[in-house]
**Student:** 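I'd like to ask some things about the structure below.
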Number of protein chains: 2
Amino acid sequence: MTDRVVRPAARQRRRPTKQGVVLSEELIVETALRLIEEHGADALSVRRLGRALGADPSSLYRYFRHTDDLMLAIADELIGRTLRTWRPTGDWRADLRDLGMRMHAGALAHPRAAVLSSYRVTGRGYEIQAVETILGVLRGAGFPDAEAVRIYHAFVDQALSFGALDAAGAALPRAAREAETAVWRAKYGRLPADTHPHIAATARHLVADMRHSSYPVALDLLLSAAEVRLTEIRGRPEA
Amino acid sequence: MTDRVVRPAARQRRRPTKQGVVLSEELIVETALRLIEEHGADALSVRRLGRALGADPSSLYRYFRHTDDLMLAIADELIGRTLRTWRPTGDWRADLRDLGMRMHAGALAHPRAAVLSSYRVTGRGYEIQAVETILGVLRGAGFPDAEAVRIYHAFVDQALSFGALDAAGAALPRAAREAETAVWRAKYGRLPADTHPHIAATARHLVADMRHSSYPVALDLLLSAAEVRLTEIRGRPEA
DNA sequence: GACCTTATGACAACACCGTTGACCTGTTAA
DNA sequence: TTAACAGGTCAACGGTGTTGTCATAAGGTC
């Protein structure tokens, strides 16, 4: 098969679909994001997307090689949106906390795309910009180069991996998600103290805590530890 | 529909399939794990699993309500394997570090299953055992109940999510994985200092660091922060 | 050993999925 | 005016999870 996808710049003959819609890469990505937001991650299929656009499903293959391609385009758009709304203040810890929370929220808003894009290095514009900015925050705070890189790496991977983890949970069909909270309440909440003393003693906290993401806690722990390291380093600058 | 699944204890008539296989929950889970490892997560479908077992796909619905049920059984088996080889020593920090590293290694050993199972609560035997044990370590160390639960949650999610992240990377086709390291070396390693000063200054560290998992660093940061919290709590026991 | 109940495996069908090769037609450039 | 072809459409392929129905062999009872 010769490639059916044409690069956007080369597009010229904008013929509307039978239902009168003029397709474009942007319109498809936008519609896909809307579909995910409105009807859950399961709602995103080539056929449903085609229906939502008012076009034959196969038309989409003129714009994306396959579904994965579409996902990456969506992911790229998401990175851009996250970064675009972030303004560093100069307080390194507050800035990183804000950025981490934004990345996490972005992932939750678009679970399907987040899961796919979390473990890929794109090497594209927005990603490079993010690396440069975060490294700048850390070095500006006084972390030596090697340490800055180590903490950058842990920070980013933690944001991405928790984002993907929580996104995957959010992308579960509604029934499965409700089953999960039911498990915590019904199963862990009722274990007898003689066989499971620690669960029984903390059951109340467990049921309350496990329904939320642990990312904020994990993020604060990471930043706290980094801050401690920083004061140690400042104590002996030549370390 | 009356439920087609029968609890294992009640099973009595072990009739072999047409191809002579005697089905059981254990056999199904084992075969599913083997299938995932050998042919990738995509290879796991009810129909393929049936074929691999020598049974009609619909037979599996006598053992699992739906695919989701099966995934939970697989996840629990993985937890069990990790837990079985772990021996706590009484040093809470060392024990949690060891357990975290084991969970991470377990995920890497079964990348595709890890990705699928990381975000599910199984509510099954091994998982309950793991929760009880970790909570015991934390409470034994002196963390008050609410704090123990918070740290338990962050610790477990961190191990699972980094496990899934690194597993997903490891499960990439070889070509894609090599492309990723190439991006770091060729793209990030060569950015000019005037446009990207921070990346340029740390390029050497970046290229070296990004090829490894950041989990050990992230884990140590989390445990360090927890230790600090613990000494604070001990300072004022009634907090 | 014969008989009955019923658990359990098998079959066929349903509605969906991603993807592709062939076709048709409106837009555009010459 | 016309010819080329980008881009939308159609139909089909082989896959998916799931379920209603049926057949049969296992196990208990006599």
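Here is the naming used below: chain letters follow the sequence lines, and residue numbers restart at 1 for every chain.
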**Student:** Check this for me, if you would: do A:Glu77 and A:Arg81 make a salt bridge, where the nitrogen-to-carboxylate-oxygen distance has to be below 4.0 angstrom?
**Tutor:** yes

**Student:** Taking atom C1' of C:dC11 as reference, at what distance in whole Å does atom CD of B:Gln19 sit?
**Tutor:** 15 Å

**Student:** Please give, in whole Å, the distance from C:dC17 P to A:Leu49 CG?
**Tutor:** 11 Å

**Student:** Might you list the N or O atoms of the protein lying below 3.5 Å from N or O atoms in nucleotides 11-16 of chain D, with each pair's distance?
**Tutor:**
residue : atom : partner : partner atom : Å
D:dT16  : OP1  : B:Ser45 : OG           : 2.7

**Student:** Show the distances under 3.5 angstrom between N or O atoms of the protein and N or O atoms of nucleotides 22-24 of chain C.
**Tutor:**
residue : atom : partner : partner atom : Å
C:dA22  : N6   : A:Arg4  : NH2          : 3.2

**Student:** Measuring from atom CZ of B:Arg47 to atom OG of B:Ser45, what distance do you get when rounded to the nearest 0.5 angstrom?
**Tutor:** 8.0 Å

**Student:** Once the angle between the rings of B:His104 and B:Tyr215 is folded into 0 to 90°, is it parallel (under 30°), tilted (30 to 60°) or perpendicular (over 60°)?
**Tutor:** parallel

**Student:** Is any side-chain N or O of A:Lys18 closer than 4.0 Å to OP1 or OP2 of C:dT25?
**Tutor:** no

**Student:** Taking everything shown except A:Arg204 itself, do over 12 heavy atoms lie less than 6.0 Å from its CZ?
**Tutor:** no

**Student:** Would one find a side-chain N or O of B:Ser59 under 4.0 angstrom from OP1 or OP2 of C:dA10?
**Tutor:** yes

**Student:** What is the separation between atom CG on B:Asp68 and atom P on D:dT18, rounded to the nearest whole Å?
**Tutor:** 9 Å

**Student:** Examine D:dG7: is either OP1 or OP2 under 4.0 Å from a nitrogen or oxygen in the side chain of A:Tyr63? Give yes or no.
**Tutor:** no

**Student:** Considering heavy-atom distances to DNA chain D, does A:Val21 or B:Thr67 have its closest nucleotide positioned more toward the 5' end?
**Tutor:** A:Val21

**Student:** Return the value, rounded to whole Å, for the distance between atom CG of A:Leu70 and atom P of C:dC17.
**Tutor:** 15 Å

**Student:** Separation of B:Leu60 atom CG from C:dC11 atom P, in whole Å?
**Tutor:** 14 Å

**Student:** Should A:Arg97 and A:Asp220 count as an ion pair when the cut-off is N to O under 4.0 Å?
**Tutor:** yes

**Student:** Starting from P on D:dG8, measure out to CD1 on A:Ile28 and report it in whole angstrom.
**Tutor:** 8 Å

**Student:** On a heavy-atom basis, which atom in B:Ile28 and which in B:Leu49 lie closest, and how many Å separate them?
**Tutor:** CG2-CD2, 4.0 Å

**Student:** In whole Å, what is the span from the CZ atom of B:Arg65 to the C1' atom of D:dT19?
**Tutor:** 15 Å

**Student:** Which residues pass the salt bridge (Lys or Arg N to Asp or Glu O under 4.0 Å) test with B:Glu132, sequence neighbours left out?
**Tutor:** none

**Student:** Closer than 3.5 angstrom, by distance alone: can the side chain of B:Thr17 be matched with the main-chain N or O of B:Gly54 as a donor-acceptor pair?
**Tutor:** yes

**Student:** Taking atom types as modelled and ignoring hydrogens, do the side chains of B:Tyr63 and B:Glu26 form a donor-acceptor contact shorter than 3.5 angstrom?
**Tutor:** no

**Student:** Rounding to an integer number of Å, can you tell me how far B:Leu23 CG sits from D:dA25 P?
**Tutor:** 16 Å

